[in-house]
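Worksheet: the structure to be examined is printed underneath.
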Amino acid sequence: MKVFVGCSSRNEIANDYLELAEKVGLYLKDHSLVIGGTFCGMMEKVALANSQKVQQIILKDYITEEMNFENSPILCDSTFLRMNEIWKHADVFLFLPGGVGTLAEILMFLEENRMQKKKKKIILYNYHNYYNKVLLFFENVKEKKFGNSEIWDTVFIVNSMKELQEQI
C-alpha cells in the first residue's frame, strides 16, 4: 500500500512531534511512502525511519544543490499539480500535525474524495489534540449541512499509535 504522509517539514518544532513522526515511519516500514515536500522536520523523520521506497512529489522551486535523493522525485510546477500527482500515487492519506500546507492538503483531498467515485481513506492523527479546532470546523460544516454527509465516511480520527494501527 502507498501511504501519503502529510506533516510539518519545519525543524523548529517541539521534539515530541519529531519523535511521533519517527514512530509513524517505523510503523509504516512495510508500506511505500509518498511525501509532498523536502526531507526536513517531521517529513524527514518519517522518511528516514521507513525502510521502503519513498516517493517525493515536490515543487521544482524546492530543489537545491544540497539535496540528495535516493529515488528521483516527481517535480511539479505548482501546488495544484503537486496535489494531483499525490492523489494519483497514494492509496491512503495520513496527516500528522503540520502547518498551512498540511491543512491545504487535508481540504484538497477531502474535496477530491467528494468528487471521485473511488474514495480514499483520510486519517488525521490528532496528536496532543492538535486537530481539535479543525475537527470543530468539520462538525460545524456537518451540523449546518454545508457538505455532503457521505464525505465524512472517508475521514478517520486517531489519537494513538494503537488507533493508527487499526486503520492501516
Side-chain angles (χ1 to χ4, degrees), residues 1-10 13 17 20-21 24-25 28 31-47 50 53-63 69 71-159 163-164 167-168:
M1 180 182 333
K2 294 179 184 175
V3 180
F4 170 76
V5 180
C7 59
S8 176
S9 61
R10 297 188 51 86
I13 60 175
Y17 290 101
L20 170 68
V24 169
L28 295 173
H31 301 286
S32 295
L33 294 185
V34 177
I35 61 171
T38 60
F39 285 141
C40 299
M42 293 175 73
M43 212 170 291
E44 177 182 37
K45 295 292 185 185
V46 168
N50 183 287
K53 183 178 177 183
V54 176
Q55 179 63 65
Q56 285 181 296
I57 302 174
I58 62 176
L59 294 175
K60 288 179 183 175
D61 293 344
Y62 283 6
I63 299 295
F69 298 105
N71 304 308
S72 296
I74 296 172
L75 304 176
C76 301
D77 290 321
S78 72
T79 55
F80 295 109
L81 295 173
R82 183 181 67 89
M83 297 268 204
N84 187 50
E85 286 296 321
I86 291 169
W87 178 264
K88 289 192 295 189
H89 284 82
D91 302 310
V92 174
F93 299 88
L94 169 61
F95 293 97
L96 305 179
V100 173
T102 305
L103 182 59
E105 291 166 345
I106 292 168
L107 294 173
M108 178 67 178
F109 297 131
L110 189 60
E111 174 65 6
E112 195 63 26
N113 252 353
R114 187 178 73 84
M115 300 303 295
Q116 297 294 327
K117 288 184 181 184
K118 183 180 182 228
K119 309 295 185 205
K120 297 184 180 186
K121 184 183 277 192
I122 297 172
I123 303 167
L124 299 182
Y125 197 133
N126 195 27
Y127 184 70
H128 291 320
N129 301 313
Y130 186 83
Y131 284 114
N132 277 2
K133 291 185 179 177
V134 172
L135 296 174
L136 284 174
F137 168 75
F138 289 166
E139 285 301 318
N140 195 41
V141 169
K142 285 191 273 186
E143 181 182 300
K144 294 190 176 5
K145 303 196 185 317
F146 277 94
N148 299 345
S149 60
E150 64 271 2
I151 192 173
W152 308 110
D153 296 341
T154 64
V155 179
F156 300 86
I157 311 305
V158 300
N159 296 291
E163 290 177 6
L164 176 62
Q167 293 298 326
I168 297 181

Item to check | Partner of V24 under side-chain contact (heavy atoms from CB on, under 4.5 Å), chosen from V3, N50, L164 | outcome: L164

Checklist entry - Between the side chain of Y131 and the main-chain N/O of L96, is any donor-acceptor distance below 3.5 Å? => result yes

Next on the checklist: Checking F4 now: which residues fulfil ring pair (Phe, Tyr, Trp, His ring centres under 6.0 Å) with it, not counting sequence neighbours?
Outcome noted: F93, F95, F109

Checklist outcome for this item: What one should report as the nearest heavy-atom pair of G6 and E105 is CA-OE1, 3.9 Å

Checklist entry - Are any side-chain N or O atoms of K2 and backbone N or O atoms of Q55, one a donor and one an acceptor, separated by less than 3.5 Å? => result no

Checklist outcome for this item: Residues C76 and I57: closest non-hydrogen pair is SG-CG2, 3.9 Å

Item to check | Heavy-atom pair with the smallest gap, counting every atom of C40 and S9 | outcome: CB-O, 3.0 Å

Checklist entry - How close do R114 and K119 get, heavy atom to heavy atom, and via which atoms? => result O-NZ, 3.6 Å

Item to check | Non-hydrogen atoms of K120 and A90 that approach each other most closely | outcome: NZ-O, 2.7 Å

Checklist entry - So, are K88 and E85 salt-bridged, with charged N and O less than 4.0 Å apart? => result yes

Item to check | Non-neighbouring partners of Y130 that pass ring pair (Phe, Tyr, Trp, His ring centres under 6.0 Å), sequence neighbours left out | outcome: none

Checklist entry - Would a distance-only check, ignoring hydrogens and angles, find a side-chain to backbone donor-acceptor pair under 3.5 Å from N126 to N159? => result no

